[in-house]
Q: 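Handing you a structure now.
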Amino acid sequence: MLNWQLIIIALTTLLAMSGTGASAQAFGIEKGNPIGSLNVVREVDEFYYIVTVPKPHPEFESYSVRTSSETGVCQVTGIGKDHDSDRYGTSVKSAFSSLSNSLNNIYGANKSYDFIQNGALWDEPNEWVMSLKQNERFYRTYWNEEHKSDIPEGLKGIGLGVYATSSDSAYVKLTYEFDNFDVCLKISESQDESGL
């Protein structure tokens, strides 16, 4: 009798984990969460909100979600703190590398893009951040099924990138897209077009 009870407890635990574990890594926000269940800091529009998250990370200073009333949360984004006085990108690249290694440990294989466009004006080592600012350089990594990542059910993909706010200040952005993102996006686009 005791063995059956242990089996039932084990199965119940596994079912509970499979129901919530798929998207729990997105700073603690899950796919489909209604906006009313989140701690909203500010409403940008009816589809985009600045929120506080259950599981913040020290590299990030703000978080946002994309949502619709039909789908609930479909995207979660963390915006990193500015790495100032960093023309060479040394500090922000270090933060990116640390986050990328952590994500690799969780999700495995990825595809990285680290290149500067042909004919770029800002191509000197001390212009690394400026080349980002001018959209001449790309420094990003993606985890998804296409790249053979170990993506859990409910999650479409993850993107990590470096973006610049000035010639010597840059930040890391981490975005989780759930598999309801395309529907969510169509809903917001159809709303945008309704006034045309």
Side-chain angles (χ1 to χ4, degrees), residues 9-33 37-39 49-67 71-84 86 88-116 128-129 131-132 137-165 169-182 184-185:
I9 290 170
L11 286 173
T12 304
T13 303
L14 284 172
L15 287 171
M17 287 173 62
S18 67
T20 61
S23 56
Q25 294 299 321
F27 305 111
I29 296 177
E30 297 181 14
K31 167 191 164 184
N33 279 149
S37 70
L38 303 178
N39 187 4
Y49 296 82
I50 308 301
V51 298
T52 58
V53 295
K55 296 181 179 180
H57 185 282
E59 179 60 32
F60 300 95
E61 63 181 14
S62 67
Y63 303 87
S64 65
V65 295
R66 181 183 287 270
T67 184
T71 64
V73 170
C74 60
Q75 183 185 64
V76 181
T77 300
I79 303 296
K81 61 187 178 185
D82 285 339
H83 292 261
D84 297 320
D86 189 29
Y88 291 85
T90 306
S91 175
V92 76
K93 283 190 278 187
S94 176
F96 178 95
S97 178
S98 177
L99 289 164
S100 182
N101 288 338
S102 295
L103 290 164
N104 285 339
N105 289 337
I106 300 168
Y107 302 107
N110 63 64
K111 176 69 174 176
S112 292
Y113 299 88
D114 176 10
F115 65 89
I116 190 165
W128 194 89
V129 171
S131 64
L132 286 173
R137 181 182 298 277
F138 297 88
Y139 200 75
R140 301 174 190 163
T141 299
Y142 298 95
W143 291 262
N144 55 41
E145 286 185 6
E146 178 186 349
H147 303 313
K148 311 297 185 203
S149 307
D150 186 19
I151 296 295
E153 185 178 344
L155 192 59
K156 180 180 178 184
I158 301 162
L160 179 69
V162 177
Y163 302 84
T165 54
S169 181
Y171 63 95
V172 177
K173 181 168 77 170
L174 174 59
T175 300
Y176 294 84
E177 277 186 11
F178 298 117
D179 61 10
N180 59 353
F181 179 77
D182 292 341
C184 190
L185 190 61

Q: Apply side-chain contact (heavy atoms from CB on, under 4.5 Å) to the pair Thr175 and Thr77, showing each step before the final yes or no.
A: CA-CA 4 Å; Thr175 300; Thr77 300; 3.3 Å; yes
Q: What residues, two or more places apart in sequence or in another chain, satisfy salt bridge (charged side-chain N to carboxylate O under 4.0 Å, His left out) together with Asp179?
A: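 Lys31.
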Q: Under 3.5 Å, side chain of Ser102 to main-chain N/O of Ser98, donor-acceptor pair present?
A: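 The answer is yes, because a donor-acceptor pair under 3.5 Å joins these two groups.
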Q: Report the C-alpha distance between Val73 and Glu30 in whole Å, list the side-chain angles of each, state the deciding distance to 0.1 Å, and finish with yes or no for side-chain contact (heavy atoms from CB on, under 4.5 Å).
A: CA-CA 7 Å; Val73 170; Glu30 297 181 14; over 6 Å; no
Q: Output yes when a side-chain donor or acceptor of Asp82 lies under 3.5 Å from a complementary backbone atom of Thr165, and no otherwise.
A: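 Checking the backbone N and O of Thr165 against the side chain of Asp82, no donor-acceptor pair under 3.5 Å is found.
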Q: Run the side-chain contact (heavy atoms from CB on, under 4.5 Å) test on Glu61 and Tyr171 for me, step by step, so that the C-alpha distance in whole Å, both residues' side-chain angles and the decisive distance to 0.1 Å come before the verdict.
A: CA-CA 10 Å; Glu61 63 181 14; Tyr171 63 95; over 6 Å; no
Q: Please report the interatomic distance CG(Asp114) to CZ(Arg137), rounded to the nearest 0.5 Å.
A: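 Here the interatomic distance stands at 7.0 Å.
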Q: Taking side chain as C-beta onward, heavy atoms only, is Pro54 less than 4.5 Å from Ile29?
A: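 Result yes, sub-4.5 Å side-chain heavy-atom pair found.
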Q: Considering residues at least two apart in sequence or located in another chain, which fulfil the side chain to side chain contact (heavy atoms under 4.5 Å, CB included) criterion with Pro56?
A: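 For Pro56, the residues satisfying side chain to side chain contact (heavy atoms under 4.5 Å, CB included) (neighbours in sequence not counted) are Val53, Tyr63.
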Q: What distance do Glu59 atom CD and Ile79 atom CD1 have between them, rounded to the nearest 0.5 Å?
A: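 Here the interatomic distance stands at 11.5 Å.
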Q: How many angstroms lie between CG in Asn180 and CD in Glu177, if you round to the nearest 0.5 Å?
A: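 If I round to the nearest 0.5 Å, the distance is 10.0 Å.
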Q: Could you grab the distance from atom CG of Leu185 to atom CD of Gln75, nearest 0.5 Å is fine?
A: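 One gets 8.5 Å once the value is rounded to the nearest 0.5 Å.
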Q: Cationic tip of Lys111 within the cone over Tyr113's six-membered ring, i.e. under 6.0 Å and within 45° of the normal?
A: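 Yes, cation above the ring, under 6.0 Å and within 45°.
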Q: What do the steps show when you test Leu174 against Leu103 for side-chain contact (heavy atoms from CB on, under 4.5 Å), and what is the final call?
A: CA-CA 10 Å; Leu174 174 59; Leu103 290 164; 3.7 Å; yes
Q: Quick one: does any side-chain atom of Ser64 pair with a main-chain N or O of Tyr49 as donor and acceptor, under 3.5 Å?
A: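 Checking the backbone N and O of Tyr49 against the side chain of Ser64, no donor-acceptor pair under 3.5 Å is found.
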Q: Please tabulate, for side-chain N and O atoms in residues 138-145, each donor-acceptor pair with protein atoms closer than 3.5 Å (sequence neighbours left out).
A:
unit_1	atom_1	unit_2	atom_2	d
Arg140	NE	Tyr163	OH	3.4
Thr141	OG1	Ser112	OG	2.9
Trp143	NE1	Asn104	OD1	3.0
Trp143	NE1	Gly108	O	3.2
Asn144	OD1	Glu146	N	3.1
Asn144	OD1	His147	N	3.0

